[in-house]
K.L.:
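Got a structure for you, written out below as structure tokens; questions coming shortly.
All heavy atoms count here, side chains included; hydrogens, waters and symmetry mates do not. Below, read A as the first sequence line, B as the second, and so on, with proteins coming before strands; counting in each chain starts at 1.
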Amino acid sequence: MPELPEVETTRRGIEPHLRGRNIRRLIVRQPRLRWPVATGLAKTLQHRQIRQVSRRAKYLLIGTDKGTLLIHLGMSGSLRILTRHAAPGKHDHIDLLLDNGVTLRYTDPRRFGAWLWTADRSASHPLLRKLGPEPLSDDFNTEYFYTRSRGRKLAVKSFLMDSHTVVGVGNIYASEALFRAGIHPARAAGRISRQRYAALVEAVKQVLAEAIRQGGTTLRDFSNGEGKPGYFQQSLNVYGQTGKPCPVCTTPVRETRTSQRSTFYCPHCQH
DNA sequence: AGAGGTACCTGGCAGC
DNA sequence: TGCTGCCAGGTACCTC
């Protein structure tokens, strides 16, 4: 479900409901996520004041007066704001109750997500330490990207999806960005020119910014904090479009696999 | 060091 | 209808 635009859409959806509020209670119904939810987390969070809701890579950072709650949505996680009581469903693993009666509800069928605490208001958690630059920041630029790619033999798509290279580019937007830049996903990262990396940097920034503007991509049941879907799905050029005509040249879109992940590209436009 | 594979988990769907 | 196998938006960790 969530790539960076979906996480950012979620952040924007929940932030107004959380900022400035005090946490009344945390209810953990299922602690077995990617890492077990710490048994003391409920006690740690009780009475904390939420200062802001920010994001690093695909981690949501709930900043409080005493530390930071890190939430990752994994493959199938989502967060919803509830303004009235609703009986929890099978996969509604965690509720964060606020002092105004609002509940932040975490749902995650596959349980690849995470709820972690760091007693550090700058959120320097080990998981965040080795991450590459944010794709929409100036730190992610042609020079950085090109230099880092030299000598690398892996497919450019895998290079692009490696969070040490740049964060937030998942399987959907990797295919989409490579299509826009006209680069074949299987091409070795180290054998692509500086000029073409310039095009790829622009494509990544554009595709992510557009997806955020449209509220993310809804493939199955993604929704922002208020249950609304994302509309970027309508803008997908190649992802999931196997056999359909390329919007530029009408050649049928092809599907292949790059390190175990589905990859979509136009064999005519991408080299 | 780099590259590739494995693992975590459930639900949905195609094919028989 | 029911079973089996495969696929899914992520990513830390392991081995070679």
Side-chain angles (χ1 to χ4, degrees), chain A residues 1-10 29-37 55-60 70-79 89-94 106-116 125-132 135 147-178 185-191 204 207-208 211-212 214-224 229-236 238-243 255-264:
Chain A
M1 188 182 302
E3 290 200 28
L4 186 139
E6 289 72 36
V7 177
E8 179 59 22
T9 297
T10 298
R29 296 182 200 86
Q30 170 56 279
R32 290 161 60 207
L33 303 185
R34 173 166 201 152
W35 294 282
V37 177
R55 179 190 58 73
R56 172 75 174 107
K58 294 171 189 165
Y59 292 90
L60 286 165
L70 279 69
I71 301 176
H72 198 290
L73 303 177
M75 288 275 261
S76 58
S78 61
L79 289 166
K90 186 178 176 185
H91 302 297
D92 294 339
H93 305 313
I94 304 178
Y106 176 73
T107 309
D108 186 1
R110 291 177 74 181
R111 291 194 269 123
F112 286 172
W115 280 56
L116 301 164
H125 192 276
L127 287 169
L128 306 180
R129 233 165 260 159
K130 289 179 179 173
L131 294 173
T147 305
R148 247 194 113 89
S149 70
R150 293 307 90 180
R152 302 295 299 276
K153 291 178 175 165
L154 78 174
V156 62
K157 182 178 178 246
S158 303
F159 179 60
L160 180 58
M161 288 178 66
D162 183 346
S163 63
H164 304 290
T165 307
V166 59
V167 301
V169 186
N171 205 36
I172 300 175
Y173 301 114
S175 279
E176 292 298 315
L178 288 163
R187 178 169 285 272
R191 304 200 56 186
V204 167
V207 81
L208 292 177
I212 290 170
Q214 297 186 41
T217 302
T218 298
L219 288 185
R220 285 182 178 77
D221 55 359
F222 169 77
S223 62
N224 62 15
Y231 293 98
F232 191 76
Q233 184 174 22
Q234 298 157 10
S235 311
L236 296 174
V238 288
Y239 185 87
Q241 310 298 310
T242 311
E255 180 173 355
T256 179
R257 285 187 91 72
T258 313
S259 52
Q260 269 96 305
R261 308 299 299 276
S262 296
T263 304
F264 304 87

K.L.:
So what is the 5' to 3' dot-bracket string for DNA chain B, if pairs are Watson-Crick or G-U wobble with both distances under 3.5 Å, crossing pairs use [ ] and | means the partner sits on another strand?
P.N.:
.|||||||.|||||||
K.L.:
Ignoring hydrogens and angles, tell me if any N or O in the side chain of A:Arg55 forms a donor-acceptor pair with the backbone of A:Ala57 under 3.5 Å.
P.N.:
yes
K.L.:
Check the phosphate of B:dG11 against A:Arg110, side-chain N and O only, distance under 4.0 Å to OP1 or OP2. Yes or no?
P.N.:
no
K.L.:
So what does A:Lys90 hit on the nucleic acid, given a heavy-atom distance under 4.0 Å: a base, only sugar-phosphate, or nothing?
P.N.:
sugar-phosphate
K.L.:
What is the per-nucleotide protein-contact pattern of nucleotides 11-16 of chain C, from the 5' end, where B denotes a base atom under 4.0 Å from a protein heavy atom, S denotes such proximity for sugar-phosphate atoms only, and - denotes neither?
P.N.:
BB----
K.L.:
Is there side-chain contact between A:Pro5 and A:Glu8, with at least one heavy-atom pair below 4.5 Å?
P.N.:
no
K.L.:
Check whether A:Arg34 reaches the backbone of A:Gly113 with its side chain - one donor and one acceptor, N or O, closer than 3.5 Å.
P.N.:
no
K.L.:
I need the CG-C1' distance between A:Leu160 and C:dG10, as an integer number of Å.
P.N.:
15 Å
K.L.:
Fit a plane to each ring of A:Tyr106 and A:His93, take the angle between them on a 0 to 90° scale, and name the class: parallel (under 30°), tilted (30 to 60°) or perpendicular (over 60°).
P.N.:
tilted
K.L.:
To the nearest angstrom, how far is A:Gln30 atom CD from B:dC8 atom P?
P.N.:
15 Å
K.L.:
Tell me whether A:Phe112 is stacked on the nucleobase of B:dC8, counting only the six-membered base ring and applying the 5.5 Å and 30° thresholds.
P.N.:
yes
K.L.:
When the distance from OH of A:Tyr173 to P of C:dG9 is rounded to whole Å, what number comes out?
P.N.:
12 Å
K.L.:
Under the salt bridge (charged side-chain N to carboxylate O under 4.0 Å, His left out) test, which residues partner A:Arg56, sequence neighbours left out?
P.N.:
A:Glu134
K.L.:
Quote, to the nearest angstrom, the P distance that separates B:dT6 from C:dC6.
P.N.:
14 Å
K.L.:
Do A:Glu3 side-chain atoms and A:Ile172 backbone N/O form a donor-acceptor pair below 3.5 Å?
P.N.:
yes
K.L.:
Can you find a side-chain donor-acceptor pair between A:Lys157 and A:Thr258 that sits under 3.5 Å?
P.N.:
no
K.L.:
Whole Å only: how far is the OH atom of A:Tyr106 from the P atom of B:dC9?
P.N.:
13 Å
K.L.:
Please list, pair by pair, any protein nitrogen or oxygen found under 3.5 Å from a nitrogen or oxygen in nucleotides 1-5 of chain B.
P.N.:
unit_1 : atom_1 : unit_2   : atom_2 : d
B:dA3  : OP1    : A:Lys153 : N      : 2.4
B:dA3  : OP1    : A:Leu154 : N      : 3.4
B:dA3  : OP2    : A:Arg152 : NE     : 2.4
B:dA3  : OP2    : A:Arg152 : NH2    : 2.8
B:dG5  : OP2    : A:Gln260 : OE1    : 3.3

K.L.:
Please confirm whether A:Tyr173 and A:Phe232 have ring centers closer than 6.0 angstrom.
P.N.:
yes
K.L.:
Grab the CG-C1' distance between A:Asp108 and B:dG11 for me, whole Å please.
P.N.:
12 Å
K.L.:
Excluding sequence neighbours, so at least two apart, what forms side chain to side chain contact (heavy atoms under 4.5 Å, CB included) with A:Arg29?
P.N.:
A:Ile27, A:Pro88, A:Asp92, A:Asp95, A:Arg105
K.L.:
Tell me the interatomic distance from A:Asp162, atom CG, to C:dG10, atom P, rounded to whole angstroms.
P.N.:
13 Å
K.L.:
Tell me, do A:Leu236 and A:Thr217 make a side-chain contact under 4.5 Å, heavy atoms counted?
P.N.:
yes
K.L.:
Partners of A:Tyr59 by ring-ring contact (aromatic ring centres under 6.0 Å, His included), sequence neighbours excluded?
P.N.:
A:His72
K.L.:
Can you tell me the distance, in whole Å, between the CH2 atom of A:Trp115 and the P atom of B:dC8?
P.N.:
25 Å
